[in-house]
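Okay, structure first, notes after.
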There are 2 protein chains.
Amino acid sequence: MGGLAKGLAIIEAFSPHRTRMTVSDAASASGTTRASARRCLLTLTELGYLDFDGKYFRPQPRLLALSSAYSGPRSLPQLAQPFLKAARDELHESVSLAVLSGDKGLFVARSEAERLVTTGISLGTRIDLYCSATGRVLLSAWDDERLAAYFDRIKPDVRTRHSIVKKAALREVVKNVQKLGYATIDQELEMGLRSIAVPVVDERGNVVAAMSASTSTARVSTVQMINSFLLVLKANAAGLGRLTASLITNRDDRVDLA
Amino acid sequence: MGGLAKGLAIIEAFSPHRTRMTVSDAASASGTTRASARRCLLTLTELGYLDFDGKYFRPQPRLLALSSAYSGPRSLPQLAQPFLKAARDELHESVSLAVLSGDKGLFVARSEAERLVTTGISLGTRIDLYCSATGRVLLSAWDDERLAAYFDRIKPDVRTRHSIVKKAALREVVKNVQKLGYATIDQELEMGLRSIAVPVVDERGNVVAAMSASTSTARVSTVQMINSFLLVLKANAAGLGRLTASLITNRDDRVDLA
DNA sequence: TTCAGTTTGTTCGAATATCGAACAAGCGTT
DNA sequence: AACGCTTGTTCGATATTCGAACAAACTGAA
């Protein structure tokens, strides 16, 4: 069903940074023709997901209804929240949880640094695996064949002047993550942003997610980050990992409607 | 574009209570044929929004990416969060914000009672206007003509034995909300659940949202709720209302990409 | 177990909606 | 004001969707 795919692609093309789009914007952003984009946008507007003022289309609150499908009572974000909060309280930095979603890492839960209550902002953001700490942790769980195929597929973008883009170098980085058991990013994604991530491993040994802490280059050096963040993250990731068994049992269907 | 509409309807058919669906489930839930539902589900699975185990389709984290389109930096949920938190801290009860979305009230932000950090759970939930406190507040802003059309459209569901379902009675209820400036619900939506809601009015006098506090019948009586919750909600709703001007100025496009 | 009855999943030609090119309308620039 | 370019819209050829029919699985009773 091409129409559905196009429509969803257009929805995803919106972001906190792109809060409005014209027909042409949507067409180029989603990689379709203007005619298709127009039909999608019109339909989405009719359904109440977008608003149209004659020139620009804007996201409407109803889009939230699409994601409320995910996040059941025993979903990963739910389970993770106490651990993310614990880590944040100890580190005083934002702590996030990302899972694999295609060739990207998808942030499913977060505990913000300063503010006590998150609004779901930035949740659902998808970032390429090669350029984020969480992504590299997720990559580190892949076998060589899968990694090779991945690196064949992608073409790395230069985000900042610190970005590693040479595929050989990236493979080396992932190898290192496999060895060390954690990944760091130093201003590769955004200037001034430094992150460290560790895997969340379930009892079968599968990497089900990556937990990361992000900080400012002004506050914490990479060495400090490794020294002071790593243990806290490891501990909370381990705690979360132990709980994820219930997620798996959730798959063979026992409980249903309340 | 029918295909897109059907697909979105199917996505919305999932909920925290319905975390898995068969082809037939999806067909009846979204009001289409099994053939259509099947194509949608297959497409959604291929795109990574759903997972399929041969029998059941389940939501995947990628659905979060669809709603991250909404919630820009200056969105209503963002602006509301401090006020919701303030109200919650004072009342020690969950405080929510809902906006109009078609014939339903859609929860766009919430501050949970006990837990410090929300996970976005229940965000995006849409509830019929006639049976929720927030919904009745939103209805109270409508003129008679629009109300008449609304009551012609709907056919109220019996949710609990306290539910008001007779249309005449509901109209009376809405009239009362218009007069009083707040709405209450007493176990009409769910047994044991009691809520009170007030409008959030912008400086032009438009009702842009409804703010509500929910409590348990075990803890607070309706009278207590009105006496002790109303002022706090009013105050925070007013504070939020003053800020919503920036939402409107946001509509004529000044600032764009960061 | 076996066998109807019923529900569910899948297939395939008829019919509809989509696609892409061509047209029209803005918009900024010279 | 005229030009070029981008953007928005229309319309017939074409590929997709729709709905009915088929097949498979499940349910419950004998």
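Numbered from 1 within each chain, the chains take letters A, B, ... in sequence-line order. Just the heavy atoms: all of them, side chains too, but no hydrogens, waters or symmetry mates, feed the values below.
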How many Å lie between [atom1] on [X] and [atom2] on [N], as a whole number?
{"X": "B:Lys6", "N": "D:dT17", "atom1": "NZ", "atom2": "P", "answer": "10 Å"}
{"X": "A:Arg39", "N": "D:dT7", "atom1": "CZ", "atom2": "P", "answer": "19 Å"}
{"X": "B:Met21", "N": "C:dG9", "atom1": "CE", "atom2": "C1'", "answer": "16 Å"}
{"X": "A:Met1", "N": "C:dT18", "atom1": "CE", "atom2": "P", "answer": "9 Å"}
{"X": "B:Lys55", "N": "D:dA25", "atom1": "NZ", "atom2": "C1'", "answer": "8 Å"}
{"X": "B:Leu42", "N": "C:dG9", "atom1": "CG", "atom2": "P", "answer": "12 Å"}
{"X": "A:Arg34", "N": "C:dA22", "atom1": "CZ", "atom2": "C1'", "answer": "11 Å"}
{"X": "B:Leu41", "N": "C:dT8", "atom1": "CG", "atom2": "P", "answer": "14 Å"}

Residue A:Ala35, side-chain heavy atoms: nucleotide from C:dT11, C:dG20, D:dT7 that is nearest: C:dG20
Among D:dT7, C:dT11, D:dT10, the one nearest any side-chain atom of A:Ser24 is D:dT7
Is the closest side-chain heavy-atom distance between A:Leu123 and A:Val108 below 4.5 Å?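 Of all side-chain heavy-atom pairs linking A:Val108 with A:Leu123, none is under 4.5 Å.
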Give a yes/no answer on whether the side chain of A:Ser36 brings an N or O atom under 4.0 Å of OP1 or OP2 in C:dC19. yes
Across the strands shown, which category fits A:Gly3 at heavy-atom distances under 4.0 angstrom: base, sugar-phosphate, nothing? nothing
Can B:Thr22 and B:Ser24 be counted as having a side-chain donor-acceptor contact under 3.5 angstrom?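 Distance-only check fails for B:Thr22 and B:Ser24.
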Salt bridge (Lys or Arg N to Asp or Glu O under 4.0 Å) contacts in which one or both residues fall within residues 153-165 of chain A, not counting sequence neighbours: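 Salt bridge (Lys or Arg N to Asp or Glu O under 4.0 Å) check on residues 153-165 of chain A returns A:Asp103-A:Arg153.
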Quick test of your reading: applying side chain to side chain donor-acceptor pair (under 3.5 Å), list the pairs with at least one residue in residues 140-152 of chain B, sequence neighbours left out, ordered by first then second residue. none
